[in-house]
Amino acid sequence: MAKHNIVTTSKMMGTKNDALIEVTCKAKTDLDNGRIATVDFATGEVSYATANEGELFLICTPEHTRYNGETLVEFFNPKDKKVRVMKIMQGDEFGTDAVVGGVSALQVGDKLSVQADGQLGKDSSTGVFVVVEKKMVGYTLVADVRYNG
């Protein structure tokens with residue numbers, strides 16, 4: 001069983017404004033929730049972001065749409081299937097365990113930036129995300145981060 005990332009979105013503007021949620025695009029490759037993405041509206045495809053540039057989205061398909069009853073850490077968005085993403089707005093906070101080196105290596109106040117495969121990683125010079133809290137979601141340690149764009 002591969003461990004996939006999980007996400008929380010209750011402190012994002014998109015939870016109150018459906019215009020910030022995109023549900024018509026498809027995953028270009030297998031995608032994990034909780035990772036940063038870009039959307040190519042011309043092709044209708046969602047891909048992992050590789051930098052802090054352009055419009056950034058958070059992959060956040062509701063886990064209640066899990067296939068075959070997987071646990072949260074087994075859920076992912078399969079290639080060519082619809083995937084839900086939420087536009088990340090300045091001031092948004094969300095939780096993710098998609099962190100290079102793991103959440104346990106982070107401290108509150110650490111600056112993060114988008115790195116390989118849409119994961120966040122420490123970056124004190126150009127980090128536009130900041131760790132505001134670490135907490136357990138089920139059995140998974142998650143970092144709550146704020147986007148300071």
Side-chain angles (χ1 to χ4, degrees), residues 1-106 112-123 126-131 134-149:
M1 167 183 84
K3 182 200 176 295
H4 295 281
N5 301 118
I6 62 173
V7 64
T8 60
T9 61
S10 62
K11 295 181 181 178
M12 292 183 72
M13 290 181 210
T15 61
K16 295 177 178 55
N17 183 348
D18 290 342
L20 299 174
I21 298 174
E22 174 59 49
V23 295
T24 62
C25 293
K26 294 184 178 181
K28 186 172 184 176
T29 61
D30 290 349
L31 301 172
D32 276 329
N33 271 355
R35 296 199 185 195
I36 310 302
T38 58
V39 176
D40 183 338
F41 289 102
T43 63
E45 293 179 324
V46 176
S47 301
Y48 289 139
T50 57
N52 297 332
E53 300 172 357
E55 284 188 310
L56 298 176
F57 294 81
L58 180 67
I59 302 171
C60 57
T61 303
E63 287 90 354
H64 68 264
T65 63
R66 296 186 301 244
Y67 307 100
N68 303 317
E70 301 99 335
T71 63
L72 290 178
V73 295
E74 293 176 72
F75 175 79
F76 68 100
N77 300 277
K79 178 183 178 183
D80 294 328
K81 298 289 184 184
K82 286 189 177 180
V83 57
R84 184 178 92 156
V85 295
M86 192 177 301
K87 186 173 179 182
I88 303 174
M89 305 297 291
Q90 188 168 356
D92 272 350
E93 289 184 21
F94 59 90
T96 184
D97 66 331
V99 176
V100 175
V103 175
S104 60
L106 299 177
L112 310 172
S113 66
V114 178
Q115 298 188 7
D117 296 327
Q119 296 183 84
L120 295 174
K122 287 185 183 182
D123 185 348
T126 62
V128 294
F129 297 90
V130 65
V131 178
K134 293 180 359 180
K135 64 184 179 187
M136 296 299 291
V137 175
Y139 296 104
T140 304
L141 184 61
V142 170
D144 278 357
V145 298
R146 179 182 308 114
Y147 179 60
N148 291 329

Could you tabulate the donor-acceptor pairs under 3.5 Å formed by side-chain atoms of residues 33-42, not counting sequence neighbours?
residue : atom : partner : partner atom : Å
Asn33   : OD1  : Thr61   : N            : 3.1
Asn33   : OD1  : Asn77   : ND2          : 3.1
Asn33   : ND2  : Thr61   : O            : 2.8
Asn33   : ND2  : Glu63   : OE2          : 3.3
Arg35   : NE   : Asn5    : OD1          : 2.7
Arg35   : NH1  : Asp117  : O            : 3.0
Arg35   : NH2  : Asn5    : OD1          : 3.0
Arg35   : NH2  : Asp32   : OD2          : 3.4
Asp40   : OD1  : Ala42   : N            : 3.0
Asp40   : OD1  : Thr43   : N            : 3.2
Asp40   : OD2  : Thr43   : OG1          : 3.4

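Note on residues 17-27: pairs passing side chain to side chain donor-acceptor pair (under 3.5 Å), not counting sequence neighbours, are Glu22-Thr24. Listed by first and then second residue, the side chain to side chain donor-acceptor pair (under 3.5 Å) pairs involving residues 47-59 are Glu55-Lys87 (not counting sequence neighbours).
Residues meeting the side-chain hydrogen bond (donor to acceptor under 3.5 Å, both in side chains) test with Arg146, sequence neighbours left out: Glu93. In this structure Val99 satisfies the side chain to side chain contact (heavy atoms under 4.5 Å, CB included) test together with Val103, Leu106, sequence neighbours excluded. Remark: Lys134 pairs with no residue by the salt bridge (charged side-chain N to carboxylate O under 4.0 Å, His left out) rule, at least two apart or across chains. By the salt bridge (charged side-chain N to carboxylate O under 4.0 Å, His left out) test, Asp92 pairs with no residue at all, sequence neighbours left out. Contacts of Thr29 classified as side-chain hydrogen bond (donor to acceptor under 3.5 Å, both in side chains), with partners at least two apart in sequence or in another chain: none. For Asp123, there are no salt bridge (charged side-chain N to carboxylate O under 4.0 Å, His left out) partners, not counting sequence neighbours. By the side-chain hydrogen bond (donor to acceptor under 3.5 Å, both in side chains) test, Lys79 pairs with no residue at all, sequence neighbours left out. Residues forming a side-chain hydrogen bond (donor to acceptor under 3.5 Å, both in side chains) with Gln119 (at least two apart in sequence, or on another chain): none.
Side-chain contact between Lys3 and Thr140 is present, with heavy atoms from C-beta onward closer than 4.5 Å.
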Yes or no on side chain to side chain contact (heavy atoms under 4.5 Å, CB included) for Leu56 and Tyr147, after CA distance, side-chain angles and deciding distance? CA-CA 10 Å; Leu56 298 176; Tyr147 179 60; 4.2 Å; yes
Under the side chain to side chain contact (heavy atoms under 4.5 Å, CB included) rule, what do Arg84 and Ile21 come out as? Steps first, then yes or no, please. CA-CA 7 Å; Arg84 184 178 92 156; Ile21 298 174; 3.6 Å; yes
Check step by step if side chain to side chain contact (heavy atoms under 4.5 Å, CB included) holds for Asn148 and Val130. CA-CA 8 Å; Asn148 291 329; Val130 65; 3.5 Å; yes
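Heavy-atom minimum distance, Asp144 versus Gly95: OD1-CA, 3.3 Å. Asp97 approaches Leu141 most closely through the heavy-atom pair CB-O, 3.5 Å. Taking each heavy atom of Ile6 and Val142 in turn, the nearest pair found is CD1-CG2, 3.9 Å. For the pair Ala27 and Pro78, the tightest heavy-atom approach, listed with the atom from each and the gap, is CB-O, 3.5 Å. Among all heavy-atom pairs drawn from Cys60 and Thr9, the shortest one is CB-CG2, 3.8 Å. The two residues Cys25 and Val46 come nearest to each other via the heavy atoms CB-CG2, 3.7 Å.
Using bins of under 30°, 30° to 60° and over 60° for the plane-to-plane angle, the ring pair Phe94/Phe129 lands in the perpendicular bin.
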